[in-house]
There are 2 protein chains.
Amino acid sequence: MPKIDNILAILWMLSSGEKITAKQISEKLEMNIRTVYRYIDTLSTSGVPIISDTGHNGGYTLLNHFIEAPLFFDFEEQTSLFHAAVFAEEAGYYGGEALNRAISKLSKHSNQEQEAKINQHFNSLEVISRFSSLSKAGFLNELELSVADGYSVKIHYDKSGEKQLKFRLVDPYRIIYWNNKWYVIGFCHLRNEIRSFRVDRIESLMPTENKFEQPENFSASDFFMNNLLPTIEDKEEITTLIITGGNRALEDICGHWFLGHYLHQRSSDQAIFLLEKDILHTYIPYLLLPYGKSIRVTEPISLKERLVEVLSELINFHQN
Amino acid sequence: MPKIDNILAILWMLSSGEKITAKQISEKLEMNIRTVYRYIDTLSTSGVPIISDTGHNGGYTLLNHFIEAPLFFDFEEQTSLFHAAVFAEEAGYYGGEALNRAISKLSKHSNQEQEAKINQHFNSLEVISRFSSLSKAGFLNELELSVADGYSVKIHYDKSGEKQLKFRLVDPYRIIYWNNKWYVIGFCHLRNEIRSFRVDRIESLMPTENKFEQPENFSASDFFMNNLLPTIEDKEEITTLIITGGNRALEDICGHWFLGHYLHQRSSDQAIFLLEKDILHTYIPYLLLPYGKSIRVTEPISLKERLVEVLSELINFHQN
DNA sequence: AACTTCCCTGACGGTAACTGTCAGGGAAGT
DNA sequence: ACTTCCCTGACAGTTACCGTCAGGGAAGTT
């Protein structure tokens, strides 16, 4: 961080009117405290009316709140903010309106040369929307407010694809974005436990005035991933799955959102996974079918048999 | 007079809105004029929108907009910028360093009250990284520079999963982010045509000093999607594909990144697609297999037969 | 009174940045 | 054609900056 940026940051901190210590400044700006003292001295010498108190409850304040330190970004910083907005848009971020406002403000604060440079680099990248017929998740804005302010919501949730008549009261803890989908995690009063809900399957949503307490030290991502991936608990049930095939197909399989978690070892022509027998026979066959003949199951034999079994069933199914 | 004092003095002079020449600045601050030019450059590079006019009646001014309305973001705008940065990070954006700088500057410009509000809303959302064993695409930074400045690159590309000894000279037109993967589109001198390359398959990359001209009115996304999705050109070859099944499976299929493009009509228990016979018999069988018995091909009969054919081949394959 | 939390300063050595000078280029106005 | 402006690179000398270490004093708490 250049010196001028840090000097201006200190100015801005002081302008907020709060008393602040040199230690706090040094931590926030990640500077040596001796440098903080120097910069304060520089600002003081330059005429900024800084008041300094020693001892307990010491720190710095400004005599008046008349100093305004301007905020500006160099072209790289601006370009990266613009690009970040594009990624958020592609994800269907609910705060798009505020984001557009911010981006608009930013774009009005460059001269022509800066603008040309920013455009040059902004246009280097194009984010293509991944096709999705899922309508933009409709209740994200309401959900976010309920999460932030801690109010329960009443929802109609369409889990099985069939209409349900029962409302659920949910304390929404957090919104999750994962694998191009939006979820909300919260305490479901209908099931009396923490659940996650796909936002695009919420049929209706009503805010309530029921205030709830957010749980402390709740890790939404831990809960979410634990529910998604059955945890491996009993070491005796672990089976080795060995798949051989071309580099490309193996690469794809090892990067699969589900199976990738169970990867144990990889070489150029084979991949070894460790997972439970249950998972092996229920999920894996269908997961492997799209790879056709570009991969082969080497072990276990039981999975090869299960594969053939599944294929036979499908033949019968599609012939009737 | 320390440098910081003079820099700030120039900034306040410009803030007055009057046009001022470098000579005037140098006299007033008793500095060499070369140093004035340097300081102006420093401020410009840092993002201060200085307008400079050469010749008679020349001099410096600040962008009017900046004087009237210094850059300021409310808590919603700030939160949305912070969230946008998280989405960019999840995508593996190459400009993360500049982005972190920008975010850092932003967070230093909040007072304590704003900060509490921003944290409250920022923590409403959590973006979970989609598992991917693909290493972060290593050459994005070099690529971006070559794209922006218009210089060819020499790459080793690993398309088939086998090592290749031949370098390719590529004029990189644009970087693409699509479906959680990074690509570069450009003119390949080896193939003498425009090609797209997956960045994680680039084995090595060397900048060159060969300057090329960016084509005008080149739409990277048009090129990219046209190559990905075979265009439907001859209306006589169009076939109707009808799939029946449960709401959930249909929903998934209609949202598929490939097949979704060909969706013609949808009801609660069936979906109708229009596409070419070729595509139908080569890609669609493998694409439908993971859905097992939750869907059924109603039309055309030829695809039902093709499905059974594929299944039979797979049985033979997996039994040996 | 002792201790802790605060602001504060000088000195040092390494090193990074800064400065003025010189030379040259281009845009805009008279 | 000339003048007034902004602009840049290169060079050598020099100055400033930074973190570390040591030390001092004021204010509050126990």
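Computation of the quantities below employed the complete heavy-atom set of this structure, encompassing side-chain atoms and omitting hydrogens, waters and symmetry-equivalent molecules.
- Between A/His121 and A/Phe75, the angle of the ring planes lies from 30° to 60°, which puts this pair in the tilted group.
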Practice item. For the pair A/Tyr173 and A/Phe223, evaluate ring-ring contact (aromatic ring centres under 6.0 Å, His included) and give the outcome as yes or no after the intermediate values. Key: CA-CA 11 Å; A/Tyr173 293 160; A/Phe223 171 86; 8.8 Å; no
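- Taking OH from B/Tyr39 and CD1 from B/Ile10, the interatomic distance works out to 7.5 Å, rounded to the nearest 0.5 Å.
- A sub-4.0 Å separation between OP1 or OP2 of D/dC18 and a side-chain N or O of A/Tyr39 is present.
- In this entry the distance linking CZ of A/Arg34 with P of C/dC12 reads 14 Å, nearest Å.
- B/Asn32 places its CG atom 18 Å from the P atom of D/dG13, with the value rounded to the nearest Å.
- Relative to the ring axis of B/Tyr151, B/Lys211 places its NZ or CZ within 45° and under 6.0 Å from the centre.
- Between the P atom of C/dA17 and the CD1 atom of B/Ile7 lies a distance of 14 Å, rounded to the nearest Å.
- In this structure, CG of B/Asp41 is placed 13 Å from P of C/dT19, rounded to the nearest angstrom.
- Distance CD1 (A/Ile50) to C1' (C/dC8): 14 Å, rounded to an integer number of Å.
- Atom CZ of B/Arg38 is separated from atom P of D/dG9 by 10 Å (rounded to the nearest Å).
- Around the NZ atom of A/Lys117, the shell of radius 6.0 Å holds no more than 12 heavy atoms that belong to other residues, nucleotides or ligands.
- The aromatic rings of B/Tyr93 and A/His83 sit perpendicular, their planes meeting at an angle over 60°, well past the 30° parallel limit.
- At least one side-chain heavy atom of A/Asp171 sits under 4.5 Å from a side-chain heavy atom of A/Asn210.
- With a 6.0 Å radius and a threshold of 12 heavy atoms from other residues, nucleotides or ligands, B/Lys154 has its NZ atom at or below the threshold.
- Consecutive Watson-Crick or G-U pairs involving DNA chain C, each under 3.5 Å on both distances, make up stems of three or more pairs at C:1-30 with D:1-30.
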Check your understanding: Please walk me through it: do A/Arg266 and A/Glu251 pass salt bridge (charged side-chain N to carboxylate O under 4.0 Å, His left out)?
Key -> CA-CA 9 Å; A/Arg266 166 82 201 278; A/Glu251 196 174 281; 5.4 Å; no
Check nucleotides 3-7 of chain C for protein N or O atoms closer than 3.5 Å to its own N or O atoms and list the pairs.
unit_1 : atom_1 : unit_2  : atom_2 : d
C/dT4  : O2     : A/His56 : NE2    : 3.0
C/dT5  : O4'    : A/His56 : NE2    : 3.3
C/dC6  : O4'    : A/Gly55 : O      : 3.3
C/dC6  : O2     : A/Gly55 : N      : 3.1
C/dC7  : OP1    : A/Ala22 : N      : 2.7

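- As a whole-Å value, the separation of A/Glu30 CD from D/dC18 P is 15 Å.
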